[in-house]
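Read through the structure below, which is laid out as C-alpha cells, and then see the notes.
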Amino acid sequence: MVLADLGRKLTAALHSLGRATVIDEDVLNAMLKDICAALLEADVNIMLVKRLRENVKKAIDFDEVAQGLNKRVIIQQAVFQELVKLVDPGIKPYQPKKGKANVIMFVGLQGSGKTTTCTKLAYHYKKKNWKACLVCADTFRAGAYDQLKQNATKAGIPFYGSYTEVDPAVIAGDGVEMFKEEGFEIIIVDTSGRHKQEDSLFEEMLAVSNAVQPDNVVFVMDASIGQACEAQAKAFKDKVDVGSVVITKLDSHAKGGGALSAVAATKSPVIFIGTGEHIDNLEMFEEKAFISKLLGMGDIQGLMNKVKELNVDEEQMMKDIQKGRFTLRNMYEQFQNIMKLGPISQVVGMIPGLSSVFGAAGGGAGGVSDQESMKRLKKLMTIMDSMNDKELDDTDAMKTFQRQPSRITRVACGAGVMEMEVMALLDQYKKFSQVVKQMGGVKELFKDEKNMKNLNPAKMGKVYQSMAKAMDPQMLRAIGGMSGIETMMKQMQQGGQLPGGMNMQGLEALMKKKKGK
Ligand code: GDP
Ligand code: MG
C-alpha cells in the first residue's frame with residue numbers, strides 16, 4: 001500500500017536523526033533528501049515538496065542553537081508541522097447539527113465511490129445515534145437505485161428512490177421533503193455521475209441542488225488519479241458550493257499523497273477517507289492525527305474515541321486494577337473489547353509505535369492481516385473458554401496451573417490445542433498481571449486527571465519496566481525501548497483522561513496478540 005510505504009520512508013528518514021552523533025547541516029540535508037524523495041514518489045506536487053524543504057531548513061539555524069541542544073526535536077517538529085500543512089486547507093468543514101435536518105448532497109464522477117460512501121456515512125451517524133437516511137437521485141446509471149437500496153437495507157438505513165420518475169431533481173426534492181417531515185437529522189442525497197466532467201452532469205447537479213437546498217455538498221474523489229485531483233476538485237468547486245471532500249480508495253495502490261495534498265491545495269477540507277469497500281472502512285480525517293498515524297506516532301485521540309464508542313462497563317475492572325488484581329477473566333474481557341474495536345489494523349495504526357511493527361500506517365492492513373490477527377485472538381479466547389470459573393477468577397492462576405499441571409492438559413484437550421499453547425497463554429497472563437500489580441501500587445493513577453502530573457517516578461518506572469517485560473522484544477525495540485513506553489504513556493495521558501484501565505490494558509492485550517505472530 002502506497003500510503004504505508006510513504007509512512008515507513010518518512011519515519012525512517014526522521015529516525016536517521018536519532019542515529020547521527022552530531023546533527024549538522026549535512027545530516028539535515030540528507031534527511032530532507034529522503035523525505036522529499038518519499039513525498040515525490042507518493043505523487044505530492046513538486047512545488048509543495050519544495051516549500052516543505054525550505055520551511056524546514058528555515059526552522060533551524062545551526063549557528064544559533066547550542067551543540068546537542070534539542071536540534072533533533074526542533075527539526076522533527078518542523079517536519080511534522082510542514083507535513084500537516086500539506087494536507088491542511090485551513091478551512092473548517094460543515095458540522096451537522098443535532099435535532100435538525102442536515103441535508104448532505106454527494107457529488108462526483110461515476111465510479112468515484114459516491115454510493116458506497118453515502119451508505120458508509122449514514123451508517124457512521126446511525127452508530128452515533130443520529131436519525132440518518134438516504135435518497136437516491138441517480139437516474140442516469142442503470143441499477144443505481146437497486147445498488148443504494150441493497151446497501152441501505154444491509155445497513156438498516158431508511159431510503160427513498162423511484163423506479164418510474166426520470167427527473168433526479170424531482171426525486172431528490174420529494175425524498176428530502178418526506179424525510180424532513182419524519183424528523184430525520186442526516187439526510188444524504190446520492191446523485192449520478194458521468195465518466196468525465198461534462199455540462200450535462202453539472203446542469204443536473206445544479207438542478208438537484210436547487211431542489212434540496214443542501215447544507216453541505218460533499219465531493220467524492222477517487223485517490224487513484226493522484227495529482228489530477230487538484231484540477232478535478234477545482235472544476236467541481238467552481239460549479240457547486242463544495243463544502244467538504246471525501247477521498248476514497250486510499251487502501252489501494254492509489255498515490256494517496258498526491259490526492260490529499262492536491263485537495264488541500266483547493267482549500268477544501270477532507271472530512272473522511274475511504275479505506276476499503278466494507279461499510280466500516282470510513283475514517284474521520286483530521287490533519288494532525290493523520291500525519292501522526294502516518295509517521296507511526298499514533299492517534300491517541302482517535303483510539304480514545306473508539307474506546308468511548310464501546311461503552312464498556314469499566315467500573316469493576318477499574319476496582320480490580322486498583323487492587324493490583326488481574327485474572328484470566330479480566331484478560332478475556334480485554335480481548336473481547338479489542339475484537340469489538342473493529343479491524344485490528346485500524347486500531348493498531350492509532351497506537352504510537354505499533355504501526356511500524358504491523359506495517360499498518362495509513363489504515364490498511366499490512367504485515368499481519370486483520371483476519372489473521374482476529375484468528376489468533378479468537379484462539380486465545382477459545383483456550384480460556386475451556387477453563388472453569390474458578391480458574392478464570394483465580395488471582396494467582398499461574399501458581400494454580402503450575403501446581404496442578406493436569407489442569408493444563410485438560411484445558412488443552414478441551415480447546416483442541418497443544419499444552420505448549422496453553423502454557424504460552426499463561427505465561428503472557430503472568431506478565432500482564434505483573435504490570436497490573438505494579439499499577440495498583442501507583443495510587444495517583446486512579447484519582448483524577450490532575451494527579452497524572454504528580455505520578456511517583458520511581459513507582460511509574462516499575463510499571464514501565466513490567467510493561468517492557470510483558471512485551472515482545474521486537475515490538476519493544478520498535479516502540480523505542482523503555483523511553484518509548486514512557487513517551488507513549490505520556491501521550492495517552494495528554495490525549496484524554498484514561499477511561500478506566502481499559503485502554504492501557506487494551507494496549508497491552510494488543511501487544512500480546514502481536515506476540516503470537
Ligand atoms: P459511484 O459511481 O460514485 O456511486 O461509485 P460506487 O459507490 O458505486 O463505487 C465504485 C466502486 O468503488 C465500487 O466497486 C466500490 O466498492 C468501490 N469503492 C468505493 N469506495 C472504496 C474504497 O474506499 N476502497 C475501495 N477499495 N473500493 C471502494
Ligand atoms: Mg453511484
Side-chain angles (χ1 to χ4, degrees), residues 1-62 65 70-90 223 226-227 229-230 247 250 253-265 270 273 285-299 349 352-357 359-364 366 478-480 484 487:
M1 198 183 77
V2 175
L3 264 187
D5 273 354
L6 173 62
R8 261 193 291 278
K9 282 180 190 152
L10 292 176
T11 312
L14 283 169
H15 280 175
S16 71
L17 290 182
R19 282 193 303 274
T21 31
V22 180
I23 293 179
D24 55 17
E25 213 153 349
D26 288 345
V27 173
L28 174 65
N29 283 333
M31 182 205 74
L32 278 173
K33 202 172 145 225
D34 289 346
I35 287 188
C36 294
L39 290 170
L40 289 173
E41 209 177 314
D43 212 18
V44 177
N45 181 308
I46 188 159
M47 296 309 287
L48 296 176
V49 175
K50 246 171 129 175
R51 190 188 68 188
L52 174 139
R53 213 181 104 122
E54 278 157 19
N55 287 349
V56 173
K57 286 187 103 164
K58 261 190 262 162
I60 182 153
D61 182 342
F62 282 95
V65 186
N70 278 335
K71 265 188 223 162
R72 200 167 284 142
V73 178
I74 296 173
I75 295 173
Q76 285 175 347
Q77 273 172 354
V79 172
F80 182 81
Q81 270 166 16
E82 290 303 317
L83 287 173
V84 172
K85 256 195 228 167
L86 272 187
V87 294
D88 186 359
Q227 283 187 41
C229 282
E230 188 173 339
I247 298 185
L250 274 170
H253 290 279
K255 300 221 162 189
L260 284 164
S261 55
V263 170
V270 174
I273 54 178
F285 184 82
E286 201 277 319
E287 294 82 10
K288 276 203 185 103
F290 177 79
I291 297 295
S292 289
K293 219 168 123 179
L294 190 66
L295 296 178
M297 288 153 69
D299 170 16
L354 277 197
S355 52
S356 49
V357 179
I479 289 179
T487 319

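Quick caveat, the model's predicted, so the values are computed rather than measured. Heads up: numbering here begins at 1 and tracks the sequence.
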Taking side chain as C-beta onward, heavy atoms only, is Leu28 less than 4.5 Å from Ile75?
yes

May I have the step-by-step check of side-chain contact (heavy atoms from CB on, under 4.5 Å) for Val263 and Ile247, ending in yes or no?
CA-CA 9 Å; Val263 170; Ile247 298 185; 3.8 Å; yes

To the closest 0.5 Å, what do you measure between CD1 (Ile291) and CG (Leu83)?
5.0 Å

Distance, nearest 0.5 Å, that separates CG of Asp88 from CZ of Phe285:
8.5 Å

So, using side chain to side chain donor-acceptor pair (under 3.5 Å) as the criterion, who are the partners of Glu230 when residues are at least two apart?
Lys234

Output all residues satisfying side chain to side chain donor-acceptor pair (under 3.5 Å) with Gln76, sequence neighbours left out; order by chain, then residue number.
none

Nearest atoms (heavy-atom pairs only) where Gly226 meets Ala262:
O-CB, 4.5 Å

Roughly how far, to the nearest 0.5 Å, is CE of Met31 from SG of Cys36?
8.5 Å

Which value, rounded to the nearest 0.5 Å, describes the distance between Leu10 atom CG and Phe80 atom CZ?
12.0 Å

Within this structure, what is the CG-CD distance for the pair Leu32 and Glu25, rounded to the nearest 0.5 Å?
10.5 Å

Qualifying residues under side chain to side chain donor-acceptor pair (under 3.5 Å), relative to Asn29, sequence neighbours excluded:
Lys57

In the structure I gave you, are the side-chain heavy atoms of Glu41 and Leu6 within less than 4.5 Å of one another anywhere?
no

List the residues meeting side-chain contact (heavy atoms from CB on, under 4.5 Å) with Glu286, not counting sequence neighbours, and say none if there are none.
Lys288, Ala289

Euclidean distance, Leu86 CG relative to Leu48 CG, rounded to 0.5 Å:
6.0 Å

Residue pairs, two or more places apart or on separate chains, that pass salt bridge (Lys or Arg N to Asp or Glu O under 4.0 Å) and touch residues 43-52
none

Got a sec, which pairs hit salt bridge (Lys or Arg N to Asp or Glu O under 4.0 Å) with one end in residues 73-84, sequence neighbours left out?
Glu82-Lys85

Measuring only between side-chain heavy atoms, which start at C-beta, is Phe290 closer than 4.5 Å to Val270?
no

Set of residues satisfying side-chain contact (heavy atoms from CB on, under 4.5 Å) with respect to Leu40, sequence neighbours excluded
Ile46, Val49

For residues Leu52 and Ile35, determine if any side-chain heavy atom of one lies less than 4.5 Å from a side-chain heavy atom of the other.
yes

The test is side-chain contact (heavy atoms from CB on, under 4.5 Å); show your working for Gln81 and Val56 and say whether it passes.
CA-CA 9 Å; Gln81 270 166 16; Val56 173; over 6 Å; no

